[in-house]
Amino acid sequence: MWKNIQPAPPDSILGLTEQFKKDTNPAKVNLGVGVYKDNSGKTPILGVVKKAEQRLLGEQTSKSYLPISGDPAYGRAVQRLILGDDSETIQSARAVTVQAPGGTGALKVGADLLKRFNPQATVWVSSPTWANHNGIFGDAGFAISSYRYYNPESKGLDFDLMCEDLARIPAGDIVVLHTCCHNPSGVDPDQAQWDEVVRIAADRGWMPFLDFAYQGFGDGVTEDRYAVERFGATGKDFLVASSFSKNFGLYNERTGALTIVCPSAEEAGVAMSHVKTVIRTNYSNPPAHGGLTAAIILGDEELYQQWLLELGAMRERIREMRRALVKGLADCGVDEDFSFIERQRGMFSFSGLSDAVVEYLRKEKSIYMVGGGRINLAGLTTENIDYVCTSIAEAIQNAG
């Protein structure tokens, strides 16, 4: 069957990781894949997760299937986390949540659901966006277009042009928005700008689809959900794909959720009935372990406070690496101003490094980053930061 079929191209990010694994240079550094690493270069299991897992293993009496929509306690915990404990959206039962295999699974379920009932819609993504957005919504059968977002000259948000584009999007189309810690740029709207985006969405009547993969990695768990709360206050339809991969470190447990917010509880019930049919013909039931673990943590005040502390430590380590990179490049005599990296949020940064510099770093220095110069700051450590800075300075001089 396959002898006359060409191999598919490797994923631009995961394929980079495969190259990194094969590299024999002991000084190699992976700044590509979007996974948090501690200062030893390892992706840790949070202490609070181990505690919750021990409790789960001691209390669990069955490995039977979860419901199609997942563990009910997990769904309630997700809603409180992304909407707030006192949310009117929750109190009025206008939101329904299904457990999904990671944030990617949540996006895919949402895309398939929307395709059933709005097949002619165009999906709009930011320019740039996480590359898999194009794959997920394209694979669901949607036409995809983009709205302006990042300004490579200012290294910041092109908010006026973003709003200009959003105000032209037809009613019924779908707009994918990064709720915080924009991937790949690290550039987010502030609260006043979010208020304007929410106003435009309500006026124009397009469907917001919020990708919320990094809650807690920006300014904090509460601060980072501002956009979700504001969209909820409009009383209109929107979707949220959330993930516990990064903020709980549950990468290989594939722990995510799709939350559908509607104008009324009755409509939310209709939405739940249909999203279950999408799931049933896809993976039928979600994996249990990660969701049950997260539900234990979010439902126990002591564990929840420990989680906030561990999450805060991850967030601060990334900020420290941002500061160290900016200072290190300046100390190496790089003329270009990289101070914008400190203003960005989350794990990622559009470094502004050219593709020629990126290629030089990979070939000559075994430093791996995604084309376009996107870097994962969590790949930096106190051990490799000097090597990375001197290598970037050399690459700019020789290939820039």
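From a predicted model like this one, the values you see are computed outputs, not experimental measurements. Just the heavy atoms: all of them, side chains too, but no hydrogens, waters or symmetry mates, feed the values below.
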State whether a side-chain donor-acceptor pair under 3.5 Å links [X] with [Y].
X	Y	value
Glu164	Tyr147	no
Thr129	His178	yes
Asp158	Tyr150	no
Ser243	Ser245	yes
Asn39	Thr381	no
Asn183	Arg374	yes
His289	Glu53	yes

Just wondering, are more than 12 heavy atoms of other shown residues or ligands nearer than 6.0 Å to [atom1] in [X]?
X	atom1	answer
Glu316	CD	yes
Ile45	CD1	no
Glu153	CD	no

Validation row, ring centre [X] to ring centre [Y] under 6.0 Å:
X	Y	result
Phe350	Phe340	no
Trp307	Phe248	yes
Tyr149	Phe159	no

[X]/[Y] ion pair, N-O < 4.0 Å:
X	Y	value
Arg199	Asp195	no
Arg317	Asp38	no
Glu359	Lys363	yes
Lys51	Glu310	no
Asp337	Lys155	no
Asp112	Lys108	yes
Asp160	Arg148	no
Arg345	Asp188	yes

Legend entry - Option from Val358, Val388, Val357 for which side chain to side chain contact (heavy atoms under 4.5 Å, CB included) with Met369 holds: Val358
Legend entry - Shared hydrophobic cluster for Ile174 and Val228 (ILVMFWY, side-chain gaps under 4.5 Å): no
Legend entry - Whether Trp130 and His133 hold their rings parallel, tilted or perpendicular, with breakpoints at 30° and 60°: perpendicular
Legend entry - Pairwise side-chain hydrogen bond (donor to acceptor under 3.5 Å, both in side chains) hits with a residue in residues 255-271, at least two apart: Thr97-Thr259, Ser264-Glu267
Legend entry - Minimal non-hydrogen separation, Ala121 against Asp173, with atom names: CA-OD1, 3.7 Å
Inset, instruction - Taking all heavy atoms of Val35 and all of Ala378, pick out the closest pair and write down the distance. - result: O-CB, 4.1 Å
Legend entry - Cation over ring face, Lys365 and Tyr387, 6.0 Å, 45°: no
Legend entry - Over-ring placement of Lys236 relative to Phe231, 6.0 Å and 45° cut-offs: no
